[in-house]
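What follows is a set of notes on a single structure, which appears directly below.
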Protein chains: 2
Amino acid sequence: MQPNMENPVRQPTARRVTIADVSEALGLTKSTVSRAMNGYPDIAESTRARVMRMAEKMGYRPLSHAQAIRTGRVRSIGFIIETAEHDAHRPFLAEFLAGISSAASLEGWTLTVAAASSPLNTLQIIEGLCADRKADGFILPRTLRTDDRIATLRRLQVPFVMFGRTGDPTDCAWYDIAGEDAMQSAVQKLAASGHRRIAFVNGGKQYNYTHLRHEGYAAGLQAAGLTFDAALVRENCMSPEDGRQAARALLALDQPPTGFVFAMDRAALGLYDAARDLGLQVGRDISVIAYDGIIEGATMTPPLSTFSVNIRRAGERLGTLLIRRVRGSAPETLRRVEQATFLDRGSAATPARSSEQLANLLRDTAAKP
Amino acid sequence: MQPNMENPVRQPTARRVTIADVSEALGLTKSTVSRAMNGYPDIAESTRARVMRMAEKMGYRPLSHAQAIRTGRVRSIGFIIETAEHDAHRPFLAEFLAGISSAASLEGWTLTVAAASSPLNTLQIIEGLCADRKADGFILPRTLRTDDRIATLRRLQVPFVMFGRTGDPTDCAWYDIAGEDAMQSAVQKLAASGHRRIAFVNGGKQYNYTHLRHEGYAAGLQAAGLTFDAALVRENCMSPEDGRQAARALLALDQPPTGFVFAMDRAALGLYDAARDLGLQVGRDISVIAYDGIIEGATMTPPLSTFSVNIRRAGERLGTLLIRRVRGSAPETLRRVEQATFLDRGSAATPARSSEQLANLLRDTAAKP
DNA sequence: CTTGTTGCCGAAACCGGTTTCGGAATGGAT
DNA sequence: ATCCATTCCGAAACCGGTTTCGGCAACAAG
């Protein structure tokens, strides 16, 4: 008897090829075919080859959810979007998901996406997805300084891979871009062009990478023989508006910076607004190098010089790392840190004026209107 | 004997509550519990209540992939991102996915995301996901004028819901925003403010909504008693740069427009650049009303007046519609069209000059430097 | 008091795979 | 020739659900 439904949509009538079809065609049993395809060592190589060939020929593809009922694995990568989170990562999202998904499909895996409204809700959703076996593991974007997601997943004994390193590496696998190296390199580039006062506009302190980038900035100063000045550092700037205000404040200093390093492109966009308001030209009066490689940067005048992160590639890497992790590789063997690519597009050059001259210029323009 | 694996990650040892546990606790059989929970009519209401209560109490949650092996349904919504596609929709993606996901989880469904590199690849991925039963149905963003995805899904007899209407509505369910009404209203608002020459900068012709919005623009002119002038219409503008060029070209006309209607905010951002280059002030010398409601619009000076689309809500609606569709509701009963919300933020006002005066002004400024 | 109905539930098969267990060949050593 | 260890595969149970089928009560109709 049918349950209480109006008019359920019929599935296509063409019956699937099952493992029984394959075994029958070969004169073997289901168990032999199954073990042959899953790499069990007690199957002769010749038999395995026969099985694989026949499976290929007949177009047999095991149903992952039929396997899952016994194995507990659904061949799916879990990913959670936090919408309440600062919106900075959204422009990357499509590329990032595309990367994960393409790595997943290479191995016959899929990507399961869920949305959370808060960090706490994220934990609840992780628990729910694990309880329902909807994902075999998780990719965690934006590693925090202290990250509850890690504790939760450790407790549930569910594998995960982080986008970004973390302090306590126990059980942790990760992929990351060496933002600290980029920041250091940015400072050195500006210093090599003649900049003596170099500011740093950093992101949110809750993120682990923010601290790394700050270290990179400091290391750059040291390598260039410049002294660290806390007045030249602004924290917690994520949006263009944040960046604009930071730039205004820095340019209002008695000894304003002529060079700017931004931890993120989005904030650096605000520098252009500040420069226009003050009658300064980016790439001449002031120089800037940022980080991320967002598309908007390329359409500025001059285009924003930046350390570009291949976010799609990051997704791919994270996807393959997670699959390996689920399959049993030790987390210590699943850690990758790659370098960002510097795009020299003209927003950083030899300073037209020293910090003092710039300060005088700004005083004059401020007095004029 | 174990297959060839290094060190597979162990699943949590706490065994799940299965249907057998529930049936045993009640002194019933598995089949009774199953039918009780799935709404079969041959189960007494009193029994059903007992079952539901006990299932709740014991925390029983059926495994969707265990159900799927018999039912063929995995309770999952499929969604495909086309990365090669014009990047305009990316800023919305997070909100959109969040909407779908939240609607899905209300019903215990999940969201399966895949990425495609081209329209053809999209079809291949749809076929793959359907063959592997990874999704019970699909949400199709950005309905095209003639859309191969529809044909493929019809052939596979897999349900789908579109974000955007289409010409041939056979089997089609959809959710859409009445962009044509917004465009018409935009024209009428500008006309009511005194604009006589009103331009229209439209999006890509491959999208169905582009044609609808064009009709809306024409209807707006007619309602305002203005005549249609093909010189005032620019097609295929998706990016800020497209919009900038379109605005420049329109303002170079002998009778330039004083009012602009943009089919998308992103293109309208370029108008601000064009205006600055020409020494015009948006909201005074020229007026603009656009469509979408992207965040960048709010940070322009003056902020962009626009018809805002609640993209998260759209995702939610599409999610619930698709679930209903999979459960058997007829597509004709699953069609919703809602209105966009007008945000009056100052970029549209009474024109300071007529089209002729504007043309003279532009000639003067062009001659000066 | 039979004879249908009807309502309600149990027994068992089934879905498409995986995994355990045992045993039939095979080969080498004694 | 015998014995033992391997190699390799079949038989059957199992995973957690769903669905078919049939049968037992209870009740109404004849």
Side-chain angles (χ1 to χ4, degrees), chain A residues 1-5 8 11 15-51 54-55 58-75 108 131-134 136, chain B residues 1-5 8 10-11 15-51 54-55 58-75 108 131-134:
Chain A
M1 197 172 299
Q2 282 296 319
N4 230 344
M5 283 184 141
Q11 292 295 331
R15 215 176 57 75
R16 279 186 69 83
V17 178
T18 73
I19 193 171
D21 298 328
V22 177
S23 65
E24 202 170 334
L26 287 164
L28 296 170
T29 59
K30 290 194 305 174
S31 68
T32 303
V33 173
S34 172
R35 281 174 304 174
M37 297 193 68
N38 289 313
Y40 277 67
D42 64 343
I43 298 292
E45 272 312 317
S46 58
T47 306
R48 193 192 312 283
R50 276 180 64 212
V51 169
M54 180 60 81
M58 297 179 69
Y60 168 63
R61 299 171 59 167
L63 280 178
S64 66
H65 55 262
Q67 302 178 298
I69 162 179
R70 194 73 218 265
T71 63
R73 297 229 196 83
V74 289
R75 290 211 305 261
D132 291 344
R133 301 278 192 281
K134 298 288 196 168
D136 301 317
Chain B
M1 198 173 297
Q2 282 296 320
N4 230 343
M5 281 183 143
R10 286 270 158 264
Q11 291 296 331
R15 215 176 57 75
R16 280 186 67 83
V17 177
T18 73
I19 193 172
D21 298 327
V22 176
S23 65
E24 201 170 335
L26 287 165
L28 297 170
T29 59
K30 291 194 306 176
S31 69
T32 303
V33 173
S34 172
R35 283 174 302 174
M37 297 193 68
N38 290 313
Y40 277 68
D42 65 344
I43 299 292
E45 273 311 317
S46 58
T47 306
R48 191 190 313 283
R50 275 180 63 212
V51 169
M54 180 60 80
M58 298 179 68
Y60 169 62
R61 298 171 60 168
L63 280 178
S64 66
H65 55 263
Q67 302 178 299
I69 163 180
R70 194 74 218 266
T71 63
R73 298 229 196 81
V74 290
R75 291 209 306 261
D132 291 344
R133 302 276 191 282
K134 299 285 197 170

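Side chains are part of it too, since the values below use all heavy atoms of this structure and drop only hydrogens, waters and symmetry mates. Letters go in sequence order (proteins before strands), and every chain restarts at 1.
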To the nearest Å, how far apart are [X] [atom1] and [N] [atom2]?
X      : N       : atom1 : atom2 : result
R73(A) : dG16(D) : CZ    : C1'   : 18 Å
L26(A) : dG10(D) : CG    : C1'   : 14 Å
D42(B) : dT18(D) : CG    : P     : 14 Å
H65(B) : dT18(C) : NE2   : C1'   : 13 Å
M37(A) : dG16(C) : CE    : C1'   : 13 Å
E24(A) : dG17(C) : CD    : P     : 14 Å
K30(A) : dT20(C) : NZ    : P     : 16 Å
I69(B) : dC14(D) : CD1   : P     : 16 Å

- Message: Could you work out, with salt bridge (charged side-chain N to carboxylate O under 4.0 Å, His left out) as the rule, every residue matching R70(A), not counting sequence neighbours?
- Response: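 Per chain and number, R70(A) pairs via salt bridge (charged side-chain N to carboxylate O under 4.0 Å, His left out) with no residue.
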- Who passes salt bridge (charged side-chain N to carboxylate O under 4.0 Å, His left out) against R50(B), sequence neighbours left out?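 Not a single residue meets the salt bridge (charged side-chain N to carboxylate O under 4.0 Å, His left out) criterion with R50(B).
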Which of these nucleotides, [options], is closest to any side-chain atom of [X]?
X      : options                   : value
N38(B) : dT18(D), dC9(D), dG16(D)  : dT18(D)
A66(B) : dG16(C), dC9(D), dG17(D)  : dG17(D)
T47(A) : dG17(C), dC8(D), dG17(D)  : dC8(D)
S34(A) : dT18(C), dC8(D), dC14(C)  : dT18(C)
T29(B) : dC15(D), dT18(D), dA11(C) : dA11(C)

N or O in side chain of [X] less than 4.0 angstrom from [N] OP1/OP2:
X      : N       : value
Y40(A) : dC9(D)  : no
T71(B) : dT18(D) : no
T32(A) : dG10(D) : yes
Y60(A) : dG16(C) : no

- Indicate yes or no: at least one non-hydrogen side-chain atom of H65(A) is less than 4.5 angstrom from one of Q67(B). no
- T32(B) and T29(B): side chain donor to acceptor below 3.5 Å: yes
- Item | Flag for S64(B)-K134(A): side-chain donor and acceptor within less than 3.5 Å | yes
- Message: Let me spell it out: for each of R35(B) and Q67(A), pick the nucleotide of DNA chain C with the closest heavy atom. Which residue's pick is nearer the 5' end?
- Response: R35(B)
- Under 4.0 Å between any heavy atoms, over every strand shown, what does S31(B) touch: base, sugar-phosphate, or nothing? Just pick one.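 Base contact - S31(B) has a heavy atom under 4.0 Å of at least one base atom.
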